[in-house]
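In this chain, numbering begins with 1 at the start of the sequence shown.
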Amino acid sequence: MPAAQSVDGFKSKAIFDGIEAALKEDGKTLVGKVKGIYGFKVKGGPGGSEGFWIVDAKNGNGSVEFNGKVKPDVTLTIADGDLVDLMTGKLNSQKAFFQGKLKVQGNMGLAMKLQEFQKKTPPKSKL
């Protein structure tokens, strides 16, 4: 699977923009609650590419970086559309895991804290 060089075309870009906005707004609180670094391997992007985002909720006020080099405490592998559904509440994280839609490597306890970001991610408006 080719690695994406840009976030253009990823549906989940809006999710990471939302997380970044939440960290800018209240990063200190989120970092205090989460205390970890997430790696998101997002499959099924434009042209079948794979994107990789680092969400650092461990240092300072937190940050979001595309193709980041920091070693994550937990890596989540998920399809682009499934990540959007997961973070907007349309897809249950346990169901996604048991159906094989979500793969977790590393600190499982930290993966459970993902809901801290789900609370901060605005649901898409229904048209």
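For the side-chain hydrogen bond (donor to acceptor under 3.5 Å, both in side chains) test, residues two or more places apart in sequence or in another chain that qualify with D17 are K13. In this view, D73 and I37, K58, L110 satisfy the side-chain contact (heavy atoms from CB on, under 4.5 Å) rule, not counting sequence neighbours. By the side-chain contact (heavy atoms from CB on, under 4.5 Å) test, S6 is found to be paired with D8, residues two or more places apart in sequence or in another chain being considered. Partners of F10 by ring pair (Phe, Tyr, Trp, His ring centres under 6.0 Å), not counting sequence neighbours, listed by chain and number: W53. Looking at residues two or more places apart in sequence or on another chain, you find no side-chain hydrogen bond (donor to acceptor under 3.5 Å, both in side chains) involving N61. Residues passing the side-chain contact (heavy atoms from CB on, under 4.5 Å) test with A111, sequence neighbours excluded: V74, L76, V104, M108.
Tested against D82 for a side-chain contact (heavy atoms from CB on, under 4.5 Å), the candidates D80, I78, L86 yield a single pass: I78.
Side-chain contact check for K69 versus I54: every heavy-atom pair is 4.5 Å or farther apart. When side chains are defined from C-beta on, V31 does not count as touching N59, because their heavy atoms never get closer than 4.5 Å. Looking at K33 and K113, their side chains never come closer than 4.5 Å, going by heavy atoms from C-beta outward. A 4.5 Å side-chain heavy-atom check between F16 and V55 finds at least one atom pair inside the cut-off. Using a 4.5 Å cut-off on side-chain heavy atoms (C-beta onward), I19 and Y38 make no contact.
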